[in-house]
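Right, one structure below, let's go through it.
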Amino acid sequence: FYLTQDKDKEINLLAGVNTDGSGIYIKEDIDINTMFDFSKPIPTPIKSGWEGKVFGTPGVSTIQHVQLLQIAEGMGMKFAAYQAGGDNNAPDTVYFIANIPNATAALGDEFIDGGSLWQPQYQKIVDDPKFKPLVLTNDLFPGHACCVIAGFHGFTSENEDETVRFLAAYVKAVDWVNNALGAGEGSAEYAKLVEVAKSVAGPNFTEQEIKDAMDTVIFTYGANTGTPLAYLDEQIPNLAESLVELGATNRTLSDLGFDNGEEFAERFMDDSFLLKAFELLDDPNGTSGISGTTDLTVAVIMGDIHQIAIHIANTKLGGDESKSFFEEYGLNVTFSGATNGPGVATAIQNGNASFGLLGAPPITITVINGELVKA
Amino acid sequence: MNWEGNAGCTWGESSATSDDAHISIRNLVKIFKRDESETVVLDNFTLDIRKGELITLVGPSGSGKTTILRLIAGLIEPTSGEIHIDGRPCAAPGSDRGMVFQDFALFPWRSVRKNVEFGLELAGIPKEERKERAEKYIKLAGLEKFIDSRVHELSGGMKQRVGIARALVGHPDVILMDEPFGSLDAQTRNIMQVQLLKILEKTDQTIVFVTHSVDEAVFLSDRIVVLTKRPAAIKEIIDIPWPRPRDRADREFAALRKRILTELEEENVMDY
Amino acid sequence: MNWEGNAGCTWGESSATSDDAHISIRNLVKIFKRDESETVVLDNFTLDIRKGELITLVGPSGSGKTTILRLIAGLIEPTSGEIHIDGRPCAAPGSDRGMVFQDFALFPWRSVRKNVEFGLELAGIPKEERKERAEKYIKLAGLEKFIDSRVHELSGGMKQRVGIARALVGHPDVILMDEPFGSLDAQTRNIMQVQLLKILEKTDQTIVFVTHSVDEAVFLSDRIVVLTKRPAAIKEIIDIPWPRPRDRADREFAALRKRILTELEEENVMDY
Amino acid sequence: MSRILGIKYDENNKNHRFARTLVIAVISLTLFILVWWAVSVVTGNTAIPTPLETWNALVDLYLNGDRMTHRTLGQYISASLSTFVRGFILALAVAVPLGLVLGYSKLLRDFSNPVIEVLRPIAPIAWAPIFILSLGYTIGPMLVVFVGIFFPLLTNVIFGVRKIDPNWIDAAKTLGASQLQVFYKVMVPSAVPYVMNGIKIGLGIGWMCIVAAELYATPLMGIGFYLATQANAGYWPGAYAGLVIIGVLGLLTVGVADLIHRIVAKRTGMDV
Amino acid sequence: MSRILGIKYDENNKNHRFARTLVIAVISLTLFILVWWAVSVVTGNTAIPTPLETWNALVDLYLNGDRMTHRTLGQYISASLSTFVRGFILALAVAVPLGLVLGYSKLLRDFSNPVIEVLRPIAPIAWAPIFILSLGYTIGPMLVVFVGIFFPLLTNVIFGVRKIDPNWIDAAKTLGASQLQVFYKVMVPSAVPYVMNGIKIGLGIGWMCIVAAELYATPLMGIGFYLATQANAGYWPGAYAGLVIIGVLGLLTVGVADLIHRIVAKRTGMDV
Ligand SMILES: Nc1ncnc2c1ncn2[C@@H]1O[C@H](COP(=O)(O)OP(=O)(O)OP(=O)(O)O)[C@@H](O)[C@H]1O
Ligand SMILES: Nc1ncnc2c1ncn2[C@@H]1O[C@H](COP(=O)(O)OP(=O)(O)OP(=O)(O)O)[C@@H](O)[C@H]1O
Ligand SMILES: [Mg+2]
Ligand SMILES: [Mg+2]
């Protein structure tokens, strides 16, 4: 079932998806100012407010989980699993429940005092009287990487052309999304964007929730410069090192043969396809040589509008007669839905999907634990 | 086998002296219904059994022997007709009529002792007395070495002796035995017949015995009731006044045996 | 029961005429080992069996009768000693020696016909011939009405007749019968004995028959081998030249029965 | 009960018995529904929808599909069943031949036993995260079902082969069967009822596995996923509709196997 | 195998047999580990860790707890077991008395049967979303385990009461037992082995349920959660360590029940 060459089971980080776009919510009756000192440029957590509280996260290796972990550890506290019916009163401990991946789960859970989730689930939660917003992760970790596109090396190395076309269509979609947001309410593009977002998020969300949610997200495939993944180049080494340090991984970078995060990131990230995609986009005849369609499976997180661009890329924006961006580039894309980042990581890892959109931490954790790239 | 020439054992004697009907079966009818079909097993069956005798029912398979025993035991009810014991009608089963079953029907979760004590427990007899009486009968059955054994550790013959001890320990007036040795092999069976006579030696119980073996019937009985095929009627009642133990090689023995067999063969329609 | 006065049936005759050993058992030793203990079942056992005779082994339980049959069948191997059939040594089991089992050992997933055809199938006999031969023997056994029945629909006696037909249909030289009627009730048993004689009437097979019933042995056999208790030795070999069918009420019959029983009782140590 | 519509109930009439069963079943299920209804209304607990609400949810799902996921009932069911059937076939293909061989060869059995005993106690559902995450959503859950069915099936087949009456093997040998013929003419057919029994048990466990796997790995998009999302969304009638569907499918899979098992067991007269 | 260390292997020596079993088990398990290792190394598949990596993960979990959740192995195990034990006790308390009563009373059985047959096919794990979401993390999973154990236990107890040899009841009646005495002196004790058998089967299913419930509902924080998070984080040695723990606990729960069942069955001579 598995390809035996080490290189082929590698997973590489190919492009960005978004930064920011998650938020921490908290019970209505908890005083926000006891948990953060908002007078600092970056809000600073206050230990006494956090102690003993229970937070819901969408899974132990998701970015939301890791960020809460970083906050807790930053205050010298343990971030421990909450056991229903167990003893949850240890000193210097913040608790988590790691299966709160959506608004329904959060609103239905009897134990949590708060939690962290992506948009638009976050918006839905804070619109409910039970919870209120505590802080956006943008404000805590400005510009933090959130979702990224990861690719299965076994696929990308054999299908370089398709990979480049996939990224090109994706880049086009991100640009379209940002244009639509720029054009603002009232424009046809914006209306279309909201329509697609609504169908992605599901019937549980109101239009206003969707709009509010999209305002907090920054959509990006990477800065459009010579080194497109510059912001990730900056963050991934640090992320990898701190994940290991925080105990969020079971293996260390040296287990994989790396001396530090930079070395790891260098092997893990691959911007060559993205650069070629830019070339393809710049070529006015870029789509003329494409004949036929190739089938592709892409793993996504269900109901996550961070990943709205991938859905835009698969939508016939000009009506039923037109082609979607993917179709323009000769691709027939099927989505495989997972409930959280680790689910997507798994889909890529077992070759179920050629590409996946997921948070930077889950893919990094999976790659380190699975020794999926080696020095 | 040291049952030496004790010509008249207690029940042998009383069979000779008493003429009153101890168990009186009058016009018994028993019909089993199943869906559309009816089986008339007994149709106006009448029989008097004397106090203390060993009476044997022989008859073709399916003629209704077991049914008669179960009616006397009160385990089933007659369709019509009556059974009286010493003048009292007997309906529900009770400890006055003990029963010995072909497949022993011992309680496997109880030891030999506890099996024999079962009826005494039910009667609320105090522990000490229970113990004493059970031990007496287990000794009588020659099983003192196995008193605390589990039932499944015993051989067939031993099991049946437990069954007999269990039936006797409560001093029932009547003991009903339904082919008690039918599932034993031929040799064990012969030994058991002798053993039975030994165990019964000193009691005055009435025994109603059902067997397929004419040999066994002639060996054991005071009287043999030969039944017709279903519905069971009495073909003949044969008195056997001979002393015990009886000699199978004896001429009279063989002749009687032969005669009953011939009668039975007349009844048997070999329908297979 | 219409086996009328056919004084010398085929195998009866040949038992009288042939004197050569058909099956020759020489110095047979069989020892079963289990953990520390050894059971010496046969110790230097020697016996000659004539062609076409019906020879019966009787002996105390556990004396080794079944072991002898299984050795002849080749189902187990002797510790030492030899068995020859017509001069050829017999080691592995084969279709030249058929066997009839006490508990019938029919194949329940096969119909009566398919059970009887089993050996023919193995021998690769063509379908038509198989059918013909099987039907012949099923008819002989009086089971034509049940030819397509399942085994579990038959009575015990019918099952055993299927077992006999299955053993006979392949025309084995030797038929080994290990208490074939032991699990049948007394009356069915008697009927089966007569039936067996009828079925065998026209064949010249050698029958080695094991039984617990001395009565049965006397009724059926050309010769009776009385065995001692374990390790089995030959206590006596009794020739019975009487015609068949034999009369159980006959004086001689009863006397012989009695004599053998007495011999066996000497052997029996009643250890229970 | 004894008099309905003026007709006296007759326990011995087949039609009456059938009518009784029917009447009781109807009363019983009506009572069940009423009690469910009452509990729902009295507690006012939204997590206990009324039977009517459940029924409506079921009808809605059937007519309009799942609004939340735009999947039809048929898609849900076929997603569950296709995984299930593939796992079942795989288990059958591996466990039956393996079981036959292991039942036959003591040496192989002795060698494989420790491994089986080490792997068997692992709850099959525990393999779900490993198989699904490492092998994907197609092969992963299929293997979970496989593990669930494999062990009960294997142990039943081994048990079946070992439970074979040794007399059948002896009988086959004396009818001329070679080792190979004994294997496929005796062992294989006599193991069939045990295979069926193993299938029956295995299917029940396999069905539990697929439901559990679907609760765990939502992209399987089977009926378990539907139930979980409905419950998650707090739409209890939908959740109960899911329960009903799971029950019906469970009944179908295991019920069919049970039926086949009974027929096979009855036809072969081998009551497993 | 026939000669080791110069000692000839003797199948009939108990010590030799034991030594053989031991040697084979050691070889077998060693081979198993080696094959596992080889597969891991040859495929280079990270999802198949080597036995050593698994062992190290296990030791690490034991010594340092789970770094990701700051929980110890003991906490994981006690979380799983406490839910399991509570569900088991509840099932025992409900199913055994209910089964005895339903086995005894045909009328009640007839009434409850349709309801049981409607509820039973629902895979117990399917109740997990409903129970857990509506009743919370303490009572919810306990009820899931309860449902898993309840039905096999109930059907076994009913079966046991109905399988009672009717002769035992007749025997008890003729020894003077009242209806009530028949119930608790005959039916209850004779149902014990069936209760044990039901427990054995039920425990296996209950254990599956708790593992499945933990995969589904992570705040239960049992060993199933550990396994799932390790697999989720792509740390396969940890996931396999979880498998090992689940296997060991499964072995303990079901193994102990199996042992008790065997002892009870043996002591009572009732082989269920
Ligand atoms: N509970 C029952 N329901 C229906 N028919 C029954 C029942 N009990 C016995 N019978 C029928 O009654 C007839 C007589 O049965 P019974 O057992 O009394 O005969 P038996 O003389 O003891 O036979 P055997 O010698 O074979 O033991 C048989 O035809 C039997 O089928
Ligand atoms: N496979 C075996 N292993 C060990 N001992 C055996 C084996 N087969 C038979 N025996 C022993 O050999 C002795 C003779 O057995 P066998 O079955 O031949 O006696 P039998 O004369 O047929 O007895 P029965 O009349 O009870 O059938 C018995 O003590 C028995 O326990
Ligand atoms: Mg009878
Ligand atoms: Mg024998």
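Here is the naming used below: chain letters follow the sequence lines, and residue numbers restart at 1 for every chain. All values derive from a computational prediction rather than experimental measurement.
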- Task: Determine the option with the most heavy-atom pairs under 4.5 angstrom with chain E, choosing from R251(A), K78(A), E371(A), Q83(A).
- Result: Q83(A)
- So does I139(E) have more than 12 non-hydrogen atoms from other groups sitting under 6.0 Å from CD1? no
- Query: So which part of F111(A) gets closer than 4.5 Å to some heavy atom of chain E, the side chain, the backbone, both or neither?
  - Reply: side chain
- Note on the structure: Tightest non-hydrogen contact, residues H70(E) and F79(A), listed as CD2-O, 2.9 Å
- Picking from A90(A), G247(A), G108(A), which has the most non-hydrogen pairs under 4.5 angstrom with chain E? G247(A)
- Task: Answer yes or no: does atom CZ of R86(E) have more than 12 heavy-atom neighbours from other residues, nucleotides or ligands under 6.0 Å?
- Result: yes
- Item | Least distance between heavy atoms, S61(A) atom then N232(E) atom | OG-O, 4.5 Å
- Task: Return yes when atom CH2 of W37(E) has more than 12 non-hydrogen atoms of other residues, nucleotides or ligands closer than 6.0 Å, and no otherwise.
- Result: yes
- Message: So for I365(A), is it side chain, backbone, both, or neither that comes closer than 4.5 Å to the heavy atoms of chain E?
- Response: both
- Item | Stepwise side chain to side chain contact (heavy atoms under 4.5 Å, CB included) test for T249(A) and M68(E) | CA-CA 8 Å; T249(A) 63; M68(E) 242 189 286; over 6 Å; no
- Identify which part of Y76(E) has an atom lying under 4.5 Å from any heavy atom of chain A, answering side chain, backbone, both or neither. neither
- Query: Where do T69(E) and Y82(A) land on the side chain to side chain contact (heavy atoms under 4.5 Å, CB included) test, with the steps shown first?
  - Reply: CA-CA 9 Å; T69(E) 60; Y82(A) 178 86; over 6 Å; no
- Can you check whether Y235(E)'s main-chain N or O pairs, donor with acceptor, with N250(A)'s side chain at less than 3.5 Å? no
- D109(A), part contacting chain E, at a heavy-atom distance under 4.5 Å: side chain
- Query: At a heavy-atom separation under 4.5 Å, does A57(E) approach chain A through its side chain, its backbone, both, or neither?
  - Reply: neither
